[in-house]
Amino acid sequence: MAERFKGVDFYNIEALFSEEERMVRDTVRDWVEERVLPIIQEAYLSRRFPSELIPEMAEMGMLGANLPEEYGCAGLNNVAYGLIMQELERGDSGIRSFASVQGALVMYPIYRWGSEEQKREWLPKLARGEKIGCFGLTEPDYGSNPAGMITTARKTDGGWVLNGAKMWITNGSMADVAVVWAQTREIGDRNGIRGFLVPKGTPGFSARDQKGKLSLLASDTSELVLQDVELPDEALLPGTSGLRDPLMCLTQARYGIAWGAVGAAMACYHEALSYAKQRVMFDGPIAGKQLQQQRLADMLTKITQGQLLALQLGRLKDRGEYTPAQVSLAKRANVDMACDVAREARRLLGANGILVEYSAMRHMANLESVYTYEGTHDMHTLILGLEITGISAF
Ligand code: TGC
Ligand code: FAD
């Protein structure tokens, strides 16, 4: 086995984790080292999500890890869950995305608003990785503003008919079930948005790969088309009633991203530091040059701030004291931090920094998607602006 990655820990944050949290992190860390890093370059260049990893991720309890054991999940606390996201994204943002969507955007809404029958039917299979899910909120004309969605759910006798399209959907083509959000205003719903479970193969429902991506290449991103899709009443997530529900799912996923971004930044810093020590230019290692030391000092400072932010957010979440605005702050700050660290690492590596053999450019390209999805950086700025001033500037 390769030498274990020792992490980046300038402030002895290690001491703030419980034994179980450290054990979960180290298990996932070793797995990423052994199973993800050796294949990720090939997967990235071949533009494929490495689905062969799913059974192992499931076996290790990484899917819906903070949901209860009674539905086949690991029942971990939110800090341990965050550490899983951190380690997965140290491998690749696409791997973390897969786990985020399966857990926070598919299993969470079923757990939160599903009937007991839906929970028993889907959650254990999703936790075991036997079924894959996706989350359809974004539409071609409604990205940052999902309230305007035009996908409709029309009530019929004994069921529903869905029409519309969803865009940029992670796991979309490989999903066995899509959590689709549709507006129901025409039937007089006050808030007018409900969630539906749409199984693959339902007539009128199809998924198409998003072509031409230059980011998150080791991830399945698709468009979903819903044309007169007839669903039984049992497809409705009965507890859903308005926009608040998908936004609550986003809070769960944004929380995981705040941790994941730290992992990507740690990978880039680690790579930059070891490169700087061995790359000799002008008769000495570039690690001995002041400009590169400044780069490394800035990276370490930012990563340390991001680690503390994620950890305190996790502790608040575990105590049930966190707010969506706090999650926005952490998603916004940590992804921005990781973008900066990845870019500086790539620059430190010189020409080698553009090669796939090194991870900095892959992380840098991936993080541009992470900066955009789950609420763009700008949207989180405006969410915080509203929180601070009480005035909406959307
Ligand atoms: P607004 O009136 O503010 O809110 C409607 C109701 O929702 C409540 N709420 C939230 N609840 C929980 N968590 C949050 N984050 C919440 N944000 C709002 C709010 O209190 C209200 O409740 P109630 O009881 O009064 O009804 O709604 P708005 O239409 O003004 O929108 C606000 C805005 C702009 C912040 C929201 O639309 C937004 O967050 N837009 C960004 C869209 C977005 O993030 N899309 C992500 C799509 S999924 C994705 O990208 C997956 S990538 C996955 C991967 O690969 O990892
Ligand atoms: P727009 O909303 O069109 O924004 C364009 C620009 O305008 C941005 O810079 C934005 O910040 C800015 N802007 C928007 N509104 C304002 C304003 N009021 N004031 C100032 N500036 C503003 N969605 C899902 O539902 N499920 C998924 O699984 C999923 N996976 C994704 C995977 C990838 C790889 C990507 C790239 C996206 C994914 N998304 C998913 C979609 C993602 O959530 C949206 O792309 C994102 O919410 C932004 O929407 P948009 O792309 O339509 O940009």
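No experiment lies behind these values; they were computed from the predicted model shown. Order of listing sets the numbers, starting from 1, for every ligand and every atom in it. Hydrogens, waters and symmetry mates play no part in the numbers below; they use all other heavy atoms, side chains included.
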Give, for atom [atom1] of [X] and atom [atom2] of [Y], the distance between the pair rounded to the nearest 0.5 Å.
X: Asp176; Y: Leu126; atom1: CG; atom2: CG; answer: 8.0 Å
X: Leu296; Y: Leu348; atom1: CG; atom2: CG; answer: 6.0 Å
X: Arg362; Y: Met364; atom1: CZ; atom2: CE; answer: 13.0 Å
X: Ile110; Y: Tyr71; atom1: CD1; atom2: OH; answer: 11.5 Å

Could you tell me, atom by atom, which parts of ligand 1 come under 4.0 Å of a heavy atom of [X]?
X: Leu105; result: 51 (C)
X: Pro146; result: 37 (O), 40 (N), 42 (C)
X: Arg96; result: 56 (O)
X: Glu374; result: 44 (O), 46 (C), 49 (C), 50 (O), 51 (C), 52 (S), 53 (C)
X: Arg244; result: 6 (C), 7 (O), 8 (C), 22 (O), 23 (P), 24 (O)

Report yes or no: does a heavy atom of [X] sit under 4.0 Å from some atom of ligand 1?
X: Gly242; answer: no
X: Ser144; answer: yes
X: Ser369; answer: no

State, without any angle test, whether [X] and [Y] hold a side-chain donor-acceptor pair at a distance under 3.5 Å.
X: Lys155; Y: Thr184; answer: no
X: Asn77; Y: Asn66; answer: no
X: Thr138; Y: Tyr373; answer: no
X: Glu56; Y: Trp31; answer: yes
X: Thr151; Y: Gln183; answer: no
X: Ser215; Y: Glu368; answer: no
X: Arg194; Y: Ser241; answer: no
X: Asp92; Y: Tyr44; answer: no
X: Asn78; Y: Asp318; answer: yes

Please state whether the rings of His377 and Tyr371 are parallel, tilted or perpendicular, taking 30° and 60° as the class boundaries. parallel

Within 6.0 Å of CD in Gln41, more than 12 heavy atoms from elsewhere: yes

Near Gln290 CD, under 6.0 Å, is it more than 12 heavy atoms from other residues, nucleotides or ligands? no

Give the contacting part of [X] toward ligand 2: side chain, backbone, both or neither, where contact means a heavy-atom distance below 4.0 Å.
X: Thr376; value: side chain
X: Glu374; value: backbone
X: Asn145; value: neither

Taking non-hydrogen atoms only, is [X] closer than 4.0 angstrom to ligand 1 via side chain, backbone, both or neither?
X: Ile383; value: side chain
X: Met379; value: side chain
X: Val327; value: neither

Among [options], which residue places a heavy atom closest to [atom]?
atom: atom 42 (C) of ligand 1; options: Ser328, Ser97, Gly143, Ser241; value: Gly143
atom: atom 1 (P) of ligand 2; options: Ser144, Ala393, Ser93; value: Ser144
atom: atom 53 (C) of ligand 1; options: Leu382, Val101, Ile193; value: Val101
atom: atom 42 (C) of ligand 2; options: Leu217, Thr138, Leu224; value: Thr138
atom: atom 11 (N) of ligand 1; options: Arg254, Met248, Met85; value: Met248
atom: atom 49 (O) of ligand 2; options: Gly143, Ser369, Ala175; value: Gly143
atom: atom 4 (O) of ligand 1; options: Ile257, Leu137, Thr372, Leu247; value: Leu247

Mark up the atoms of ligand 2 that fall under 4.0 Å of a heavy atom belonging to [X], in ascending order.
X: Phe394; result: 18 (N)
X: Ile169; result: 24 (C), 25 (O), 26 (N), 27 (C), 28 (O)
X: Leu382; result: 17 (C), 18 (N), 19 (N)
X: Leu216; result: 34 (C)
X: Leu137; result: 25 (O)
X: Asp378; result: 9 (O), 10 (C), 11 (O), 12 (C)

What is the closest protein heavy atom to [atom], and at what distance does it sit?
atom: atom 33 (C) of ligand 2; answer: Tyr373 CD2, 3.5 Å
atom: atom 26 (N) of ligand 2; answer: Phe135 O, 2.9 Å
atom: atom 28 (O) of ligand 2; answer: Thr170 N, 2.9 Å
atom: atom 45 (O) of ligand 2; answer: Thr372 CG2, 3.9 Å

Please confirm whether [X] comes within less than 3.5 Å of ligand 1 when only nitrogen or oxygen atoms on both sides are compared.
X: Thr170; answer: yes
X: Thr138; answer: no
X: Phe394; answer: no

Looking at ligand 2, is there an atom of it that comes within less than 4.0 Å of some heavy atom belonging to Asn171? no

Less than 4.0 Å between atom 23 (N) of ligand 2 and some protein heavy atom, yes or no? yes

Within the protein, is there a heavy atom lying under 4.0 Å from atom 52 (O) of ligand 2? yes

Can you confirm if the aromatic rings of Tyr142 and Trp181 lie within a centre distance of less than 6.0 Å? no

Can a cation-pi geometry be assigned to Lys289 and Phe282, taking NZ or CZ under 6.0 Å from the six-membered ring centre and within 45° of the ring axis? no

Give a yes/no verdict on a cation-pi contact between Lys331 and Tyr255, requiring under 6.0 Å between NZ or CZ and the six-membered ring centre and an angle within 45° of the axis. no

Considering only heavy atoms from C-beta outward, does the side chain of Gln252 approach that of Leu105 to under 4.5 Å? no

